[in-house]
Amino acid sequence: MKISMIVAYGKNWEIGLNNQMLWHISEDFKNFKTITSGHHILMGRKTFQSIGKPLPNRTSLVLSSAGFEHEGVYSFDNVQKAFDFARERGEEELFIIGGANIYATLFPYVDKMYLSEVDYEGEADAFLKEIDFSSWDLAEQKDYEAITNNAEIVSPAWKFKVWVKKD
Ligand SMILES: NC(=O)c1ccc[n+]([C@@H]2O[C@H](COP(=O)([O-])OP(=O)(O)OC[C@H]3O[C@@H](n4cnc5c(N)ncnc54)[C@H](OP(=O)(O)O)[C@@H]3O)[C@@H](O)[C@H]2O)c1
């Protein structure tokens with residue numbers, strides 16, 4: 001089973017504030033939905049609570065050491081148990097979807113990264129650890145323009161990149 005990570009981050013590696021996202025980019029959400037649909041998605045308890053419900057067409061796995069329960073999700077107190085669960089159900093690509101704590105802990109297991117680099121700088125309390133791309137190959141890139149309304153940026157510019165770990 002391949003382990004993939006999907007994340008959107010700002011210029012200073014910021015990913016969240018007050019358990020919320022920092023921007024609204026509808027094309028990025030659509031992309032996230034397309035990429036993760038049909039797969040098992042693994043997240044920390046705080047990210048699940050920020051989303052608030054299981055995402056449709058995906059199997060939600062939530063990590064929590066405190067016996068977290070919620071209808072429609074599978075909860076695990078240990079990373080390996082979550083990986084084994086997905087593997088035993090025939091998953092071929094498990095997606096790690098955040099947050100900061102989970103990305104940091106699980107980064108060593110990641111084989112493929114789907115990254116949205118957002119042209120955004122601002123206050124944050126959740127960050128991605130800086131990634132050293134020297135051990136990764138860029139497999140795909142697409143650049144998106146900002147969306148403006150009366151010269152005000154309503155949706156920042158962003159670059160979508162797919163990286164595959166070098167052998
Ligand atoms: N920009 C993006 O793409 C993106 C994506 C996702 C999330 N986010 C943002 O990230 C922020 C949340 O990140 P966060 O670091 O605060 O929280 P988090 O990673 O979502 O969740 C942390 C919680 O996960 C559980 N956990 C972590 N490691 C575990 C392990 N090894 N075994 C069992 N349980 C474990 C613990 O839950 P218990 O306390 O219950 O034990 C821990 O408190 C929010 O601001 C959110 O909006 C951004």
Side-chain angles (χ1 to χ4, degrees), residues 1 3-37 39-56 58-87 93-110 112-131 133 136 140-142 144 146 153-163:
M1 180 177 74
I3 311 270
S4 293
M5 144 177 154
I6 184 161
V7 58
Y9 63 97
K11 286 181 170 178
N12 303 304
W13 302 91
E14 54 271 71
I15 65 166
L17 177 65
N18 299 326
N19 216 21
Q20 299 296 323
M21 295 288 288
L22 296 163
W23 43 73
H24 183 84
I25 306 176
S26 63
E27 199 62 27
D28 186 43
F29 277 123
K30 274 190 227 160
N31 211 26
F32 174 84
K33 188 175 173 189
T34 305
I35 292 166
T36 58
S37 279
H39 293 278
H40 289 73
I41 52 176
L42 177 60
M43 70 206 88
R45 192 253 313 157
K46 292 182 185 169
T47 291
F48 177 73
Q49 287 178 324
S50 153
I51 300 169
K53 58 178 185 340
L55 292 172
R58 281 146 283 188
T59 306
S60 295
L61 314 184
V62 177
L63 279 173
S64 169
S65 56
F68 178 75
E69 284 184 23
H70 191 285
E71 198 183 344
V73 312
Y74 297 92
S75 178
F76 300 89
D77 61 4
N78 167 298
V79 172
Q80 286 305 331
K81 286 185 199 164
F83 284 177
D84 289 347
F85 178 84
R87 197 179 287 113
E93 185 174 15
L94 168 71
F95 284 90
I96 293 163
I97 68 157
N101 194 300
I102 298 298
Y103 290 133
T105 310
L106 301 190
F107 189 73
Y109 299 99
V110 173
K112 190 170 180 181
M113 305 191 288
Y114 298 76
L115 305 185
S116 298
E117 290 177 14
V118 182
D119 187 13
Y120 174 94
E121 255 181 310
E123 191 190 351
D125 60 11
F127 295 84
L128 200 60
K129 266 176 73 181
E130 204 167 316
I131 299 169
F133 290 102
W136 296 82
E140 197 181 318
Q141 173 167 352
K142 189 168 177 194
Y144 295 83
I153 293 180
V154 290
S155 177
W158 58 292
K159 293 183 197 306
F160 175 69
K161 294 183 184 175
V162 180
W163 295 87

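Ligands are counted one by one from 1 in listed order, and the atoms in each one are counted from 1 as well.
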Centres of the Phe127 and Trp13 rings: under 6.0 Å?
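No, the ring of Phe127 stays outside the 6.0 Å limit from the ring of Trp13, centre to centre.
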Ring pair (Phe, Tyr, Trp, His ring centres under 6.0 Å) against Tyr103, all qualifying residues, sequence neighbours excluded
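So Tyr103 forms no ring pair (Phe, Tyr, Trp, His ring centres under 6.0 Å) with any residue.
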Counting heavy atoms not belonging to Ile153, are there more than 12 under 6.0 Å from its CD1?
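Atom CD1 in Ile153 is not crowded, with 12 or fewer foreign heavy atoms closer than 6.0 Å.
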Under the rule for side chain to side chain donor-acceptor pair (under 3.5 Å), what residues qualify as partners of Asn101, not counting sequence neighbours?
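Asn101 satisfies side chain to side chain donor-acceptor pair (under 3.5 Å) with no other residue.
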With Glu93 via side chain to side chain donor-acceptor pair (under 3.5 Å) - residues at least two apart:
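Residues passing side chain to side chain donor-acceptor pair (under 3.5 Å) with Glu93: Ser4, Tyr114.
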Between ligand 1 and the protein, give all atom pairs where both partners are nitrogen or oxygen and the distance is under 3.5 Å, as lines of names plus distance to 0.1 Å.
residue: ligand 1; atom: 1 (N); partner: Ala8; partner atom: O; Å: 2.7
residue: ligand 1; atom: 1 (N); partner: Ile15; partner atom: O; Å: 3.2
residue: ligand 1; atom: 3 (O); partner: Ala8; partner atom: N; Å: 2.9
residue: ligand 1; atom: 13 (O); partner: Ala100; partner atom: N; Å: 3.1
residue: ligand 1; atom: 15 (O); partner: Ala100; partner atom: N; Å: 3.3
residue: ligand 1; atom: 15 (O); partner: Asn101; partner atom: N; Å: 2.8
residue: ligand 1; atom: 19 (O); partner: Gly99; partner atom: N; Å: 3.1
residue: ligand 1; atom: 19 (O); partner: Asn101; partner atom: N; Å: 3.4
residue: ligand 1; atom: 19 (O); partner: Ile102; partner atom: N; Å: 3.3
residue: ligand 1; atom: 20 (O); partner: Thr47; partner atom: N; Å: 2.9
residue: ligand 1; atom: 20 (O); partner: Thr47; partner atom: OG1; Å: 2.6
residue: ligand 1; atom: 20 (O); partner: Gly99; partner atom: N; Å: 3.0
residue: ligand 1; atom: 21 (O); partner: Lys46; partner atom: N; Å: 3.4
residue: ligand 1; atom: 24 (O); partner: Arg45; partner atom: N; Å: 3.3
residue: ligand 1; atom: 24 (O); partner: Leu63; partner atom: O; Å: 3.4
residue: ligand 1; atom: 28 (N); partner: Asn101; partner atom: OD1; Å: 3.4
residue: ligand 1; atom: 34 (N); partner: Ser64; partner atom: N; Å: 3.3
residue: ligand 1; atom: 39 (O); partner: Arg45; partner atom: NH2; Å: 2.7
residue: ligand 1; atom: 40 (O); partner: Arg45; partner atom: NE; Å: 2.8
residue: ligand 1; atom: 40 (O); partner: Ser64; partner atom: OG; Å: 2.6
residue: ligand 1; atom: 41 (O); partner: Ser65; partner atom: N; Å: 2.8
residue: ligand 1; atom: 41 (O); partner: Ser65; partner atom: OG; Å: 2.5
residue: ligand 1; atom: 47 (O); partner: Gln20; partner atom: O; Å: 3.2

Salt-bridge test for Asp84 and Lys81: reply yes if a basic N is under 4.0 Å from a carboxylate O, no otherwise.
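Answer for the salt bridge query: no.
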